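Nothing fancy with the numbering, it's 1 onward along the sequence. These numbers were taken from a predicted model, which means no experiment stands behind them. For the numbers below, each heavy atom of this structure counts, side chains included, while hydrogens, waters and symmetry mates do not. Order of appearance sets the numbers: ligands from 1, and atoms from 1 within every ligand.
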Amino acid sequence: MSSTWHILGAGSLGSLWACRLARAGKAVRLILRDPRRLQAYQRTGGLTLVEQGQASHYAIPAETADAVGPVHRVLIACKAYDAAPAIARLAPRLADDAELILLQNGLGSQDEVAEQAPGVRCIFASSTEGAFREDDWQVQFAGHGTNWLGDPINPAMPEWFDDLAEAGIAAQWSVDILARLWRKLALNCAINPLTVLYDCRNGGLLEHSCEVTILCTELAELLRCCGQPEAAVDLAEEVRRVIQATGNNYSSMYQDVRAGRRTEIHYLLGHACRTAARHGLALPHVERLHRRLVDSLQARGLPRD
Ligand code: NAP
């Protein structure tokens, strides 16, 4: 199998992974959105990674999805709503033994991707690393963390896993990646929408602790109902700890809304509500939160999903 890492999407996380893999001497190729973005990238000549104030430059080759040649391993590093359309375009180039690594936050986009690439191994990731784009083709490594990777269908660790440690990318293989993704989704649902609605930092939710606790009770019920009881354990306590520990931060959803960007609501709170409905489970507070958030996005002229 080819050892090349194709990275689809040179945004914050995609650039962070691409630069570290390239620095470790791994073969890396970027797949960019369209010829216009490819030209813009080629004019700049590479990606810049800024870590602790130190910038380093990597002249990583790039192409679009329509280029020629098979791809064997692709890190999908776009937003959840872009993942399935991106894979639909890339599908004709996916080799029989191709593997996709999906970095998207939330749940639902993984199934959409799998539908576009039947039979292809999909490895799900949940990242606690933080990165943001200072400008096009420039990424700032803002927060160290871990990347949990796993395959809900096949527990075998892929043979390239050691590439990550060699590239200094903190990673752990998880045999229960769905539990991790569900837990993160629940934390996100309990915190992020309220920070948008109350226009506050995470710490501002300490003034709304009753509302947060009721949401956690319903979200824990959802987790138990959809076969993730471990992800439900002490959810409210962890939410409280996260709110305290990140009190000064603005949530990712808050930042998206503030910057006028589309949110990933469809794959977070939206996914929670759709799953509850499928199970015939009534979650009145979670559903009301979803409606309030959709109304708020609409009032700001942002997509409702
Ligand atoms: P981002 O900075 O917006 O980057 C997304 C990139 O995907 C953009 O560069 C975009 O291209 C590209 N893209 C979209 N459609 C494409 C296509 N069809 N072909 C090629 N490229 C395409 O997003 P991000 O912050 O890295 O987030 C990616 C995912 O990771 C999200 O689900 C997010 O929730 C999750 N995540 C992010 C962080 C973080 O700290 N950033 C942490 C944990 C999880 P353009 O540049 O042309 O728009």
Side-chain angles (χ1 to χ4, degrees), residues 6-20 29-42 44 47-51 60 62-67 71 74-91 93 100-110 112-113 116-117 124-149 169-171 177 180-181 183-185 187-189 191-192 246 249-257 259-271:
H6 281 89
I7 311 260
L8 188 146
S12 308
L13 280 198
S15 300
L16 181 63
W17 279 61
C19 289
R20 291 179 294 181
R29 290 188 76 81
L30 303 173
I31 298 176
L32 304 180
R33 195 190 274 276
D34 56 31
R36 192 184 58 82
R37 294 295 280 155
L38 180 59
Q39 268 174 16
Y41 174 75
Q42 282 164 343
T44 306
L47 293 176
T48 299
L49 170 63
V50 182
E51 277 173 296
I60 298 170
E63 62 194 36
T64 60
D66 316 318
V71 294
V74 193
L75 179 79
I76 315 288
C78 55
K79 290 285 175 65
Y81 46 76
D82 281 327
I87 286 305
R89 280 184 56 202
L90 194 63
R93 294 179 60 198
L100 306 178
I101 301 128
L102 309 174
L103 276 182
Q104 287 60 48
N105 208 355
L107 280 160
S109 69
Q110 298 85 353
E112 293 174 0
V113 165
Q116 298 300 327
F124 301 1
S126 176
S127 179
T128 59
E129 293 192 312
F132 62 89
R133 280 196 271 185
E134 302 230 276
D135 209 339
D136 271 356
W137 325 122
Q138 268 207 39
V139 62
Q140 179 98 29
F141 193 0
H144 288 263
T146 298
N147 298 282
W148 299 91
L149 277 75
I169 298 173
I177 190 69
R180 287 200 175 271
L181 284 163
R183 177 73 166 199
K184 192 170 175 205
L185 181 148
L187 287 163
N188 186 301
C189 289
I191 298 174
N192 295 20
T246 62
N249 298 358
Y250 287 111
S251 74
S252 54
M253 189 176 273
Y254 180 99
Q255 291 178 44
D256 283 341
V257 170
R261 290 189 297 253
R262 183 175 176 183
T263 68
E264 295 182 300
I265 173 179
H266 185 77
Y267 301 94
L268 296 160
L269 199 48
H271 186 80

Which ligand 1 atoms are under 4.0 Å away from a heavy-atom of [X]?
X      : answer
Ala10  : 9 (O)
Arg37  : 45 (P), 46 (O), 47 (O)
Glu264 : 31 (C), 32 (O), 33 (C), 34 (O)
Ser12  : 1 (P), 2 (O), 4 (O), 25 (O), 26 (O), 41 (N)
Leu103 : 30 (O), 35 (C)
Glu129 : 40 (O), 42 (C), 43 (C)

Are Arg20 and Glu129 within salt-bridge range, i.e. N to O under 4.0 Å?
yes
Residues Glu264, Lys79: salt bridge by 4.0 Å N-O rule:
no
Taking it one step at a time, do Arg37 and Trp137 satisfy side-chain contact (heavy atoms from CB on, under 4.5 Å)?
CA-CA 10 Å; Arg37 294 295 280 155; Trp137 325 122; 3.8 Å; yes
Looking only at distances, can you tell me whether any N or O atom of [X], backbone or side chain, sits closer than 3.5 Å to an N or O atom of ligand 1?
X      : value
Ser127 : no
Lys184 : no
Gly14  : no
Leu8   : no
Gln104 : no
Gly130 : no

Determine whether a donor-acceptor pair (N or O, by modelled atom type, separation under 3.5 Å) exists between the side chain of [X] and the backbone of [Y].
X      : Y      : result
Thr128 : Thr146 : yes
Arg29  : Glu63  : no
Arg93  : Ala65  : yes
Gln255 : Met253 : no
Gln116 : Leu90  : no

Which heavy atom of the protein is the closest neighbour of [atom], given with residue, atom name and distance?
atom                    : answer
atom 36 (N) of ligand 1 : Leu13 CD1, 3.6 Å
atom 23 (O) of ligand 1 : Lys79 CE, 3.3 Å
atom 1 (P) of ligand 1  : Arg133 NH2, 3.7 Å
atom 21 (N) of ligand 1 : Gly9 CA, 3.4 Å
atom 5 (C) of ligand 1  : Ala77 O, 3.6 Å
atom 29 (C) of ligand 1 : Cys78 O, 3.6 Å
atom 4 (O) of ligand 1  : Gly11 CA, 3.2 Å
atom 48 (O) of ligand 1 : Arg33 NH2, 3.0 Å

Ranking Ala86, Ala84, Ala131 by closest non-hydrogen atom to atom 40 (O) of ligand 1, top hit is Ala131
Measuring from atom 20 (C) of ligand 1, which candidate in Ile31, Leu16, Ile7 has the nearest non-hydrogen atom?
Ile31
Can you tell me how the ring of Phe141 sits relative to the ring of His144, calling it parallel under 30°, perpendicular over 60° and tilted otherwise?
tilted
Less than 4.5 Å apart, any side-chain heavy atom of Leu30 and any of Leu47?
yes
Taking side chain as C-beta onward, heavy atoms only, is Tyr267 less than 4.5 Å from Asn188?
no
Any idea which part of Thr128 is under 4.0 Å from ligand 1, heavy-atom wise: side chain, backbone, both or neither?
neither
Give the intermediate values and the outcome of side-chain contact (heavy atoms from CB on, under 4.5 Å) for residues Leu149 and Ile101.
CA-CA 8 Å; Leu149 277 75; Ile101 301 128; 4.0 Å; yes
Yes or no on side-chain contact (heavy atoms from CB on, under 4.5 Å) for Ser15 and Leu49, after CA distance, side-chain angles and deciding distance?
CA-CA 8 Å; Ser15 300; Leu49 170 63; over 6 Å; no
Checking Trp148 against Lys184 for the side-chain contact (heavy atoms from CB on, under 4.5 Å) test, could you report, in this order, the C-alpha distance in whole Å, the side-chain angles of both residues, the deciding distance, and whether it holds?
CA-CA 12 Å; Trp148 299 91; Lys184 192 170 175 205; over 6 Å; no
